Amino acid sequence: MKSLVKNLVETAAPSGFEKPIRDLILAEIGVSSTDQQIDALGNLIIRKGTRTPTGKRIMLAAHMDEIGVMASFIDEKGFIRFTNLGGVFPVHCVGSRVKFLNGVEGVIGMDKLDKPGLPTLSQLFIDVGAASRAACPIKIGDAAVFERPFAVLGEQWVAKSLDDRIGVAILIETFKQLKETPHEVYFVFSVQEEVGTRGATTAAYGIDPDLGLSVDVTRTGDTPKGIMMEVALGKGPAIKVRDSGMISDPQLVQALSAIAEKSSIPYQLEVLEAGTTDARAIQLARSGVPSGCVSIPCRYVHSPSEMVNEKDVYNTVNLLVKFLSESLPF
Ligand code: CO
Ligand code: ZN
């Protein structure tokens, strides 16, 4: 799985420009055209299993997009001002490198600040080494992502865009390992999550599922002077109870926890105070869908060096495969 993850995180695909990841997934899991669909927004939807009398129609979602930036203004000297695609924090920007989708690389610099402290995004610019606006190889609307290679630090994997390429890799692996299921399972690789769970919104409407589950990263409370949060790296997948956009269906939380315990898979319960996932969009689709989320604990979310634990990754696959192999108690 490690080389798949490396491929996924080293591919550039910010919100709205997810095609390279979609192509990678299709190359990884070739399925018949009747079981797969790319909808109007670009969500990749792959179906597996036929619903038995005790089964449900289940939508799983992991988002293909990553946070990024977009050129909004270019001055006469060729310096590029930019806007954000999703949650880009200035604290991670200065000195970072970005790569535009046309291959051009740039460095983020900042204006001289009037008083000490953090710059705002509008006080930052991208320097692509151009001598003038006329010589600048970037045009307005061009998108870029942070540039950082995949690294292995002991048991931890570090990369940009582990949010949510790690979820994409887990869904691919779950698809491959799932042999028998009483359910009709829709593996949805969604677009535009980072700009407001837009892809999952339309995918959930189209699929009309009985149950929704997103697979995404969550924050942790295990770093020095970090946030007050129970979730830690290496203690297993986190079953979401609540985040700032959703309260998970209690029966689903209970069913996931019971399966983890029965299968001796370590797990944690998650309460996240800021942030949400595609599960919110699924939950609010049509007349409402019982939904939840299995989270991969991740340090430094939305920085160019996000960190997950490899055992957590494998345990998340194990939990999902077990969960989908059985009928639900509700
Ligand atoms: Co995110
Ligand atoms: Zn995410």
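Computed from a predicted model, the values in this text were never measured in an experiment. Counting starts at 1 for both ligands and their atoms, in listed order.
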Distance-only side-chain donor-acceptor flag, Thr218 / Ser295, under 3.5 Å: no
At a threshold of 2.8 Å, where the distance has to be below it, does the Zn ion (ligand 2) have an N, O or S atom of Glu193 nearby? no
Taking the Zn ion (ligand 2) as the vertex, how big is the angle to NE2 in His63 and OD2 in Asp216, rounded to 10°? 90°
Metal proximity, Asp216 vs the Co ion (ligand 1), N/O/S cut-off 2.8 Å: no
Could you check whether Gln192 and Asp65, counting side-chain N and O atoms only, form a donor-acceptor pair closer than 3.5 Å? no
With carbon and hydrogen excluded and only N/O/S kept, which atom of Asp163 is nearest the Co ion (ligand 1)? OD2
Metal proximity, Asp163 vs the Zn ion (ligand 2), N/O/S cut-off 2.8 Å: yes
Could you check whether Lys48 makes a cation-pi contact with Phe175, meaning its NZ or CZ is under 6.0 Å from the centre of the six-membered ring and within 45° of the ring axis? yes
Here's a test for you: under side-chain contact (heavy atoms from CB on, under 4.5 Å), which of Val152, Leu153, Val9 qualifies with Val158? Leu153
Restricting Glu194 to its N/O/S atoms, the closest one to the Co ion (ligand 1) is OE2
Find, among atoms of His302 that are N, O or S, the one nearest to the Co ion (ligand 1), and state its name. NE2
Do any N/O/S atoms of Asp164 come under 2.8 Å of the Co ion (ligand 1)? no
Would you tell me whether Ser122 and Thr120 have side-chain atoms, one donor and one acceptor, within less than 3.5 Å of each other? yes
Cation-pi between Arg286 and Tyr205: NZ/CZ under 6.0 Å from ring centre and within 45° of the ring axis? yes
